[in-house]
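Here the structure is laid out as structure tokens; the discussion comes afterwards.
Computed from heavy atoms alone, side chains included, the values below leave out hydrogens, waters and symmetry copies. Every number for a ligand or one of its atoms is a count from 1 in the order of the listing.
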Amino acid sequence: MPFDDRAFRKALGCFASGVTVITTLDAAQRPVGVTVSAFSSLSLDPPMVLFCLGKSTSNLEAFRQGPVSISILAEGQQDLSIRFASRGVDKFAGLEMDTAPGGVPAPKDVLARLDCVITQTIEGGDHLIVLCAVEDLITRTGGQPLVYFRGSYTQVGVLPV
Ligand SMILES: Cc1cc2nc3c(=O)[nH]c(=O)nc-3n(C[C@H](O)[C@H](O)[C@H](O)COP(=O)(O)O)c2cc1C
């Protein structure tokens with residue numbers, strides 16, 4: 001390979017993305033969640049999205065089962081992003097959450113939330129590609145997205161609402 005891990009990460013960091021927090025319940029009905037930028041729309045009919053999770057993610061099994069709620073973070077919600085990207089902490093401690101279908105806890109005041117069931121998982125290198133059917137959604141009117149670019153949180157000036 002003519003490039004190393006650092007160069008690969010640097011190139012991928014040039015792809016500005018939104019940030020999601022994806023939540024579900026584990027087999028013991030405990031809430032679990034993770035910050036994910038590897039999220040994409042997949043299909044309009046039927047409505048489907050996908051996300052990619054590192055295989056070292058704690059509670060990976062819970063994300064194979066679902067249901068999951070995918071919350072698209074708004075500008076100013078980097079604290080939520082950092083919290084759900086932190087290892088070895090209680091990510092839900094002291095956090096007031098909404099309740100999505102299936103009793104899945106989901107962060108409040110996000111730009112949009114997609115409530116999904118998992119239809120398929122595909123092994124992709126060191127990640128798991130999770131295909132989801134969207135069963136319900138909520139979209140906030142107005143608001144700007146939280147953006148991640150070159151390893152930092154940023155915003156994209158003023159976007160149309
Ligand atoms: C902005 C941002 C985007 C991230 N995107 C992803 C992603 O797309 N897939 C992934 O597996 N981890 C991603 N991570 C890393 C996970 O959020 C992090 O490893 C998390 O701690 C894993 O959950 P765990 O602690 O429960 O294992 C991202 C982290 C940040 C800060």
Side-chain angles (χ1 to χ4, degrees), residues 5-43 48-95 97 100 102-134 137 140 143-157 159:
D5 181 59
R6 196 151 169 264
F8 187 45
R9 286 171 184 265
K10 189 174 172 191
L12 295 182
C14 294
F15 187 66
S17 69
V19 182
T20 70
V21 166
I22 304 183
T23 47
T24 187
L25 297 171
D26 70 9
Q29 300 297 295
R30 283 181 301 243
V32 295
V34 62
T35 300
V36 168
S37 57
F39 162 80
S40 176
S41 53
L42 173 61
S43 162
M48 293 182 74
V49 296
L50 68 80
F51 63 92
C52 303
L53 266 191
K55 286 185 185 165
S56 65
T57 304
S58 339
N59 306 296
L60 189 66
E61 286 315 305
F63 290 102
R64 285 184 197 268
Q65 307 296 326
V68 295
S69 285
I70 302 174
S71 298
I72 300 174
L73 300 189
E75 181 186 19
Q77 292 190 308
Q78 52 266 56
D79 287 358
L80 270 179
S81 174
I82 293 165
R83 174 189 278 252
F84 282 91
S86 303
R87 288 221 136 114
V89 298
D90 178 356
K91 300 181 184 186
F92 293 85
L95 200 59
M97 304 288 275
V104 174
K108 288 182 176 294
D109 302 322
V110 296
L111 273 193
R113 194 184 83 215
L114 305 169
D115 299 320
C116 306
V117 295
I118 292 165
T119 56
Q120 193 181 347
T121 58
I122 302 165
E123 308 289 319
D126 59 6
H127 276 56
L128 189 71
I129 306 163
V130 183
L131 274 49
C132 305
V134 181
L137 54 80
R140 191 216 287 186
Q144 300 290 321
L146 179 63
V147 176
Y148 199 63
F149 177 63
R150 289 194 168 134
S152 296
Y153 296 100
T154 184
Q155 55 199 66
V156 199
L159 294 175

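Using a 4.5 Å heavy-atom threshold, the side chains of Ile82 and Tyr153 count as touching. Annotation: side chain of Pro105 is in contact with side chain of Leu25 (closest heavy-atom distance under 4.5 Å).
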Notebook entry, point to check: When you look at Arg83 and Asp79, which way does the side chain to side chain contact (heavy atoms under 4.5 Å, CB included) test go after all the steps?
Noted result: CA-CA 6 Å; Arg83 174 189 278 252; Asp79 287 358; over 6 Å; no
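Applying the side chain to side chain donor-acceptor pair (under 3.5 Å) rule to Gln65 yields no partners; only residues at least two apart in sequence or on another chain are considered.
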List, pair by pair, the atoms of ligand 1 and of the protein that are both N or O and lie under 3.5 Å apart, giving the separation rounded to 0.1 Å.
{"from": "ligand 1", "atom 1": "5 (N)", "to": "Ser37", "atom 2": "N", "distance (Å)": "3.0"}
{"from": "ligand 1", "atom 1": "5 (N)", "to": "Ser37", "atom 2": "OG", "distance (Å)": "3.3"}
{"from": "ligand 1", "atom 1": "8 (O)", "to": "Ser37", "atom 2": "N", "distance (Å)": "3.1"}
{"from": "ligand 1", "atom 1": "8 (O)", "to": "Ala38", "atom 2": "N", "distance (Å)": "2.8"}
{"from": "ligand 1", "atom 1": "9 (N)", "to": "Cys52", "atom 2": "O", "distance (Å)": "3.0"}
{"from": "ligand 1", "atom 1": "11 (O)", "to": "Gly54", "atom 2": "N", "distance (Å)": "2.7"}
{"from": "ligand 1", "atom 1": "14 (N)", "to": "Thr35", "atom 2": "O", "distance (Å)": "3.3"}
{"from": "ligand 1", "atom 1": "17 (O)", "to": "Thr35", "atom 2": "O", "distance (Å)": "2.8"}
{"from": "ligand 1", "atom 1": "21 (O)", "to": "Ala85", "atom 2": "O", "distance (Å)": "2.9"}
{"from": "ligand 1", "atom 1": "23 (O)", "to": "Lys91", "atom 2": "NZ", "distance (Å)": "3.2"}
{"from": "ligand 1", "atom 1": "25 (O)", "to": "Arg87", "atom 2": "NE", "distance (Å)": "3.4"}
{"from": "ligand 1", "atom 1": "25 (O)", "to": "Lys91", "atom 2": "NZ", "distance (Å)": "3.4"}
{"from": "ligand 1", "atom 1": "26 (O)", "to": "Ser58", "atom 2": "OG", "distance (Å)": "3.1"}
{"from": "ligand 1", "atom 1": "26 (O)", "to": "Lys91", "atom 2": "NZ", "distance (Å)": "3.1"}
{"from": "ligand 1", "atom 1": "27 (O)", "to": "Ser58", "atom 2": "N", "distance (Å)": "2.8"}
{"from": "ligand 1", "atom 1": "27 (O)", "to": "Ser58", "atom 2": "OG", "distance (Å)": "2.7"}
{"from": "ligand 1", "atom 1": "27 (O)", "to": "Arg87", "atom 2": "NE", "distance (Å)": "3.2"}
{"from": "ligand 1", "atom 1": "27 (O)", "to": "Arg87", "atom 2": "NH2", "distance (Å)": "3.0"}

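Looking at Arg9 and Asp5, a side-chain N of the basic residue comes within less than 4.0 Å of a carboxylate O on the acidic one, giving a salt bridge.
Taking the ring centroids of Phe15 and Tyr148, they lie at or beyond the 6.0 Å cut-off.
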